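Below is one structure, written out as C-alpha cells, with a few remarks after it.
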Amino acid sequence: MSTENAAPEESAGAAQESAAAALPKAYDPKLVEDAIYARWEASGLFNPDNLPDLEGGKKRSEPFTIMMPPPNRTGILHVGHATGNALQDLMIRFNRMRGKRALWLPGTDHAAIATQVKVEGILREQGMKNPRRELGREKFLEEVVKFAADSGKTIVMQTRKMGASCDWSREAYTFDDARNRAVNRLFEMMHEDGLIERGDRIVNWDPKFQTTLSDDEVEMKETVARFLTFKYDRDFPIVISSTRPETKFGDTAVAVHPDDARYAAFVGKTFTPTFCGQKLTVRVIADREVDPEFGTGALGVTPAHSMIDADMAARQSPVLPTVQVIGTDGCMNDAVPEEYRGLTVKEARVKIEAALQAAGLLIAVEEIKQNLPVAERGGMPVEQLPMKQWFVRANKEFTLRQDTLGMWKKGERTTLKDLMREAVQSGQVKIMPEQFEKVYFHWIDNLRDWCISRQIWFGHRVPAWHRGEEIVVGAEKPSGDGWEQDPDTLDTWFSSGSWTFSTLGWPDKYAGGVKEGDLAKFHPTDVLETGRDILFFWIARMILMSTYALGEVPFKTAYLHGLVRDEQGRKMSKSLGNIIDPLVVSEKFGTDAVRLSLVLGNSPGNDMRISEEKIGYFRNFTNKLWNIARFVMMSAPGLARPSGRPEPKTLADRWILARLDATIASVSDDLEKLVLSRPGETLRDFTWNDLADWYLEIAKIEGGKDEMLSYVLSAVLKLWHPFMPFVTEEIWAHTFAAGKDDFLMVAEWPVATGAVADESDAKRFTKLQEIVTTIRNLRSTHKVEPGKRVDTYVFCGSDDAFIAEGELKIIATLAKAGQIHAAACGKSEGMPRPQHAASGMAGTTEVLISLEGLVDPAAEKARLQKEYDEAAKYVEVQSRKLDNADFVARAPEKVIALERQKLADAKEKAEKLTAQLDALK
RNA sequence: GGACGCUUAGCUCAGCUGGUUAGAGCACCUCGUUUACACCGAGGGGGUCGUAGGUUCGAAUCCUACAGCGUCCACCA
C-alpha cells in the first residue's frame, strides 16, 4: 500500500498534470458509474470475508451488519427504496472504512398478497375475467412465479445502479428453500409451545381478494352512513340503532349499560322477535362497554360480524351463540329469509330499511360520519366473519425454550407480547427516533391474536396436514394415506419476521442453542433501517420472532426514515404524476447527487421533500468536488499518497489542518451515533467554504503546497466516500490509487491528529477573512472597477492579532488591493491616513480604501451612520445588561467576561465610526 | 376520543443539554469570461423565531394554555 518509492517526482508530476488536463471540466457520472460498480463487485470486497487486514496487519474483528429490507417483487424500486439504500450504504461504507467486518445482506420479498394481486391485475388487463378460476392453482402460480422472478431481477439491477455495496454472494429471497425451512421450523416450534393454534374466530375478510387480512392490513376510511333507529318488531320492548341493519339477522342479544335504569327490568330476559321475516332469539344483556348516551343506549349484538360484539358475547355466561348471515362472497347467506339471500350487503341494507319503513318500525334516520374498515390494499370494504384460521397468540403464556440463548431466562414463563415489550424497554433494541418507542408500546398493548393464514396461493404453504378431523403440524407429510396439506398460505410478514436470522443460516446453523457460522459472526445485526410505516408490520414482528426463536434481539437499532414527498409536500403517486423515479434522476444528475439529496436534510422519523432542483444542487456539488481534485492535480506536481500529516508552513496551513481535524472528529462522531444528515452538511461546508473558497485560493498565492494538498484532498475523498461513492472512487483512481485494485472503498477512515492551530492562529485567520471581506464590500458598494487596484489601509483594533507580511500579500491578492499599509495595535501613530477614502469596519479593525472621489458622499455617510447606529444601540444593550446587578451576581464568570469583551469591542467600533463620520465632513 | 410531532427569511430547513447583534441552501438584486469549476466566483437585501402567559439575571431554546397543520392509534353500535 505504499507509493512513496514510485516514480521520480518530476515525471510523476508531469504525468499528473497531463492526467488532470485529460479530465473533462465537468464530471460526467454516466461515463464512469457502471464501470466503477463492476470493479467493486469483481474485487469481492462487498463480502466481509474478503476484506483486507488493517494497517499494521491488524485483523478485522468487530462485525457491522445490516440486513437490507427486501423490496417487494412487485415491480420496480421507488424513491423510498433509494433513500433506504443511500442511508444503509452510508453506514456500511463508513464502518467498512473504520475497519469493521461490514456485511450488508441484500434480498427481495415475495410479498405474497401484494404480488398475487399485482399479477391478477395484469392478467385481468390481458382479458381474463377471473384468472384464479380460469387458470387453476398450479398454472396461476406459474404466472406469479414468473412475474416475481422478472421483478426480482429488475430490482437487483436497480440496487446495483444505486451503488449499494451489499454482499451479493449472500443474497436471499423470502420465498426460497432456506427461508421455507425457517418458516416451517418456526411454525412447528410455535405450535408445540401453544403459540400457534387453529381456531374459530372473527377475522377480517377481504371479499374482493377472497382472503383473510391481519388487523394491520385493515384501515379505517371515513364515510357517511345512514344511522337507523328502529325496533326488531312491534312487540320487542327496546329500540336500537344501527348503520348495518342487514347484520341484525345475526343478532343474538341486545346490550345495555348495567346502570341504565331504563332497561334494568329487561336484563337477563330472552325475547324472540321476528325481524324482517326472520325469527331471532335475543337475550338482553348488561355490559359496561355500552355507552348509555349514544343512540338509544341499547345496541343489537352481532357476534358473527363484529369483533367487539364477539368479545362482548364471550364475556357473557352462558356465552352468546353466533349466527353468521354474511358469506365469504360478501353476500347474505342462507341463514336469512329467502328474499334477502344472495343480495350484497349494500342491497340488503336498502331493502331492509324499506321493509322497516313499511312496517312502521323505523323511528328515525340520521346521516352520520362513520369509519368503515377497508383493505389497506385495494381500499374495498372488509367484512368481519367467523372463520376457522391459524392464529399466533400474543397473550398466551408459554415457557421459554431451553435452547434459546438466554438473553431472556430459559425456562421462564412469558408471553410474546412481553418479549416484544422487554426487548425495547431493556434498551437492547433502540428505536430511532426515540419517540417511536411510545408508539411501539402502545401498539403492543392493543395487539390481538395475529391471524396468519391466508387464502391466497402465492406464499409459504401452512405446514399442516389434514385427514378428516385429524391435523398434524410439520413440514413433511405424515405417513399413511389420505393426508392433504392445508391449502392456505402464511401471511408474508410471518416469513419476513425471521429475516435477520433466517438469512444467516437459522435453523440449520443453530444446533442446541449454539450459533454457528454467519449466525455466530453477524447476529444480532447492528442496524435495521427502514420506512417508519412498517414499524408494526415488520420491526415488531422481527423482534417477536427473534426473541422467541433465539432469545436474542434481531438488531440493536431500528432506524426509521420518513416518507419521501414531492417538493410541495405531497405523497408521490401515479395519479398525481409527481413520482420521482430514482433511476431516471440518477441518469440525469448522477447517482451521487441523488444519494446526497436523499441523505442531507433527512432526519429519522420525519418526512422529507425532494425535487429535481434539490438534486441539481447536489449535482453541482459533485462537480465542485471534481474540480477541486482537478485543481489539486494541476497545481501540485508532486501529488502523492500522503504517508502522514505534513508539516504546516504557514498560517493558512495550520488553519486548514485544524479545520480538517475538527471536521473529521465531528463527522466521525456523528456517523458513529447514526446521525447521518449533519455530517454531510458539515463536510459540504468544509469542502466548499473552507477548502475551495479560501484554502485553494491561498494555495495559488503561497505555492509549494504539494504535501498539504495531497493530504487534505485524500482525507476529503475518504470522508465523502460513504456519501458519494462513485465520484470519490473515480477521483481516487486518478490521484492516489496505487493500482487498479486499490480502492478508496477500503481505504482507512481518517483520524483526527490533534489540533495544530492554536487559538491565536484561528483568530488571526478569521481576522484575515474579515479584512478581505470588508475590502471587497467597500469596493463593491463604491463600484470600484473590477480590475483596479486601490491602496488600502488597515488599522488593527486593540484586541487584534498581529498581521504578518505573508498574510498581507494574501489579503492584497484576494481583495485585489494595491499597496497595503497595515499597522498592528498601538503602532499606527506614524501611519498616514488617506485623504480621500471609503472606510469600513472588520470587527474592531478599521479598513480604508483610497478613492479619488467618492461616488456618493451622502450615501457613504448614510451607510456609516447606519452602521454606527447599530453599534451604538448594541453598546446600550450591553451596558444595560452589565449594569444589572442580578446579571453580574448570578451569571457565570465566563459569560460575564464574554459580554464585557463584546461591550468593549462595540464601544471601540462606535468610536472609530464616529471618527470616520467626522472625516467625511 | 387518545397519543405524538411540527409552526424560525418568499421557499426548504439548521439551531444538541437556555447566554450568537438568530444561521445555511434555493430564489431575489448588483458585479464579474482572474489559467479548478458559469454545474462558477464576489458582494448585498430580507426574520419582533405561530399566539398569550409563566420560570429565569437571561428564552427561538424550558413550562402552561390556545390556534393552525400533520401523523399514528382507537372507534360508539
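Keep in mind it's a predicted model, so treat the numbers as computed, not measured. As a basis for the values below, the full set of heavy atoms in this structure was taken, side chains included, without hydrogen atoms, waters or symmetry mates. Here is the naming used below: chain letters follow the sequence lines, and residue numbers restart at 1 for every chain.
The listed nucleotides are B:C72, B:G19, B:G32; the one nearest the side chain of A:Pro786 is B:G32. For A:Arg609, the listed nucleotide lying nearest its side chain is B:C13; candidates were B:C73, B:C13, B:U21. Across B:U21, B:C76, B:C4, the shortest atom-to-atom separation from the side chain of A:Phe294 is found for B:C76. Taking only side-chain atoms of A:Arg532, from C-beta outward, the nucleotide of B:A24, B:U71, B:A77 with the closest atom is B:U71. The side chain of A:Asn777 lies closest to B:G44, out of B:G32, B:C72, B:G44. Nearest nucleotide to the side chain of A:Ser780, out of B:G43, B:C4, B:A14: B:G43. Considering only side-chain atoms of A:Phe536, the nucleotide from B:C76, B:A27, B:C72 that sits closest is B:C72. In this structure, of B:U71, B:A36, B:C39, it is B:C39 that holds the atom nearest to the side chain of A:Arg619. The nucleotide whose nearest atom lies closest to any side-chain atom of A:Asn606 is, among B:A77, B:G5, B:U20, B:G5. The side chain of A:Thr773 has B:G43 as its nearest neighbour among B:G19, B:G41, B:G43.
Rounded to whole Å, the separation between the P atoms of B:A52 and B:U61 comes to 13 Å. The same atom, C1', is picked in B:C72 and in B:C66; the two are 23 Å apart, to the nearest Å. Separating the P atom of B:G18 from that of B:A60 is a span of 13 Å, rounded to the nearest Å. Between B:A59 and B:G19, the distance separating the two C1' atoms is 10 Å to the nearest Å. To the nearest whole angstrom, the two P atoms, one in B:U56 and one in B:G41, are 49 Å apart. Between B:U55 and B:U8, the two P atoms lie 27 Å apart (nearest whole Å). Nucleotides B:C49 and B:G10, compared at atom P, are 13 Å apart to the nearest Å. When the C1' atom is used for both B:U51 and B:C6, the distance is 16 Å, rounded to whole Å.
Computed from coordinates, the A:Trp688 CH2 to B:C40 P distance equals 5 Å when rounded to whole Å. In this structure, CG of A:Leu299 is placed 10 Å from P of B:A77, rounded to the nearest angstrom. To the nearest angstrom, P of B:A74 lies 11 Å from CE of A:Met307. Between the CE atom of A:Met220 and the C1' atom of B:U71 there is a distance of 17 Å, rounded to whole Å. What separates NZ of A:Lys369 from C1' of B:C76 is a distance of 16 Å, to the nearest Å. For the pair A:Lys700 NZ and B:U34 C1', the interatomic distance rounds to 8 Å; values are reported in whole Å. Going from atom CZ of A:Arg789 over to atom P of B:U34 covers 14 Å, rounded to whole Å. Atom pair A:Asp607:CG and B:C4:P shows a separation of 19 Å (rounding to whole Å applied).
Using a 4.0 Å heavy-atom cutoff across all strands shown, A:Asn371 reaches at least one base atom of the nucleic acid. Within the 4.0 angstrom heavy-atom criterion, only backbone atoms of the sugar-phosphate kind lie near A:Arg684; the bases stay farther away. At a threshold of 4.0 angstrom between heavy atoms, the contacts of A:Ala889 with the nucleic acid are absent. Residue A:Lys894 is classed as having no contact, given no heavy-atom separation below 4.0 Å to the nucleic acid. Counting non-hydrogen atoms under 4.0 angstrom, A:Ser677 reaches nothing in the nucleic acid. Within 4.0 Å (heavy atoms only), A:Tyr617 reaches sugar-phosphate atoms of the nucleic acid but no base atom. Counting any heavy atom pair closer than 4.0 Å across all strands shown, A:Asp685 reaches no nucleic acid atom. Among the protein residues, A:Pro433 comes within range of no part of the nucleic acid, since none of its heavy atoms lies under 4.0 Å from any strand. Residue A:Glu697 is classed as a base contact, given a heavy-atom separation below 4.0 Å to a base. Within 4.0 Å (heavy atoms only), A:Ile308 reaches sugar-phosphate atoms of the nucleic acid but no base atom.
In this structure, a donor-acceptor pair under 3.5 Å is present between the side chains of A:Ser677 and A:Glu681. With 3.5 Å as the limit, one finds a donor-acceptor pair spanning the side chains of A:Glu217 and A:Ser214.
Of the side-chain N and O atoms in A:Lys902, one or more sit less than 4.0 angstrom from OP1 or OP2 of B:U21. The shortest distance between the side-chain N/O atoms of A:Lys25 and the OP1/OP2 oxygens of B:C37 is below 4.0 Å. Phosphate contact (OP1/OP2 of B:A77, side-chain N/O of A:Gln370, threshold under 4.0 Å): present. Put simply, A:Lys624 has a side-chain N or O that comes within less than 4.0 Å of OP1 or OP2 on B:G41.
A salt bridge is defined here as a Lys NZ or Arg NE, NH1 or NH2 lying under 4.0 Å from an Asp or Glu carboxylate O, and A:Glu860 with A:Arg863 meets this definition.
Comparing A:Glu289 and A:Asn884 by the nucleotide of RNA chain B that holds the closest heavy atom to each, the one mapping nearer the 5' end is A:Asn884. The residue among A:Lys909 and A:Leu696 whose nearest nucleotide of RNA chain B lies closer to the 5′ end is A:Lys909.
Across A:Trp626, A:Tyr27, A:Trp720, A:Phe723, a single residue satisfies ring pair (Phe, Tyr, Trp, His ring centres under 6.0 Å) together with A:Phe621, and that is A:Trp720. Among the candidates A:Ile811, A:Thr792, A:Asn777, the single residue satisfying the side-chain contact (heavy atoms from CB on, under 4.5 Å) test with A:Val847 is A:Thr792.
Using N1 to N3 plus N6-O4 or O6-N4 for Watson-Crick, or N1-O2 and O6-N3 for G-U wobble, each under 3.5 Å, B:A36 pairs with nothing. Both distances falling under 3.5 Å, in either a Watson-Crick or a G-U wobble arrangement, occur for no nucleotide opposite B:A14. Across every strand in view, B:U71 sits in a pair with B:A3 that passes the Watson-Crick or G-U test at under 3.5 angstrom. Across all strands shown, nothing is found opposite B:U55 as a Watson-Crick or G-U wobble partner with both distances under 3.5 Å. Nucleotide B:C49 is matched to nothing when pairs are restricted to Watson-Crick or G-U wobble geometry with both distances under 3.5 angstrom. Across all strands shown, B:G43 forms a Watson-Crick or G-U wobble pair with B:C29, both key distances being under 3.5 Å. Pairing of B:U20, defined by two Watson-Crick or G-U wobble distances under 3.5 Å, is not identified with any nucleotide.
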### Task
Test A:Ile326 against A:Arg244 for side chain to side chain contact (heavy atoms under 4.5 Å, CB included), laying out the working first.
CA-CA 12 Å; A:Ile326 301 168; A:Arg244 299 206 54 188; 3.8 Å; yes
### Query
Should A:Tyr263 and A:Thr296 be marked as a side chain to side chain contact (heavy atoms under 4.5 Å, CB included) after you check the CA-CA gap, both sets of side-chain angles, and the distance that decides it?
CA-CA 10 Å; A:Tyr263 307 116; A:Thr296 63; 3.9 Å; yes
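A ring-centre distance under 6.0 Å is found for A:Phe294 and A:Phe227.
Residues A:Val888 and A:Ile896 approach most closely at O-CD1, 3.2 Å, considering heavy atoms.
The number of heavy-atom neighbours closer than 6.0 Å to NZ of A:Lys907, taken from other residues, nucleotides and ligands shown, is 12 or below.
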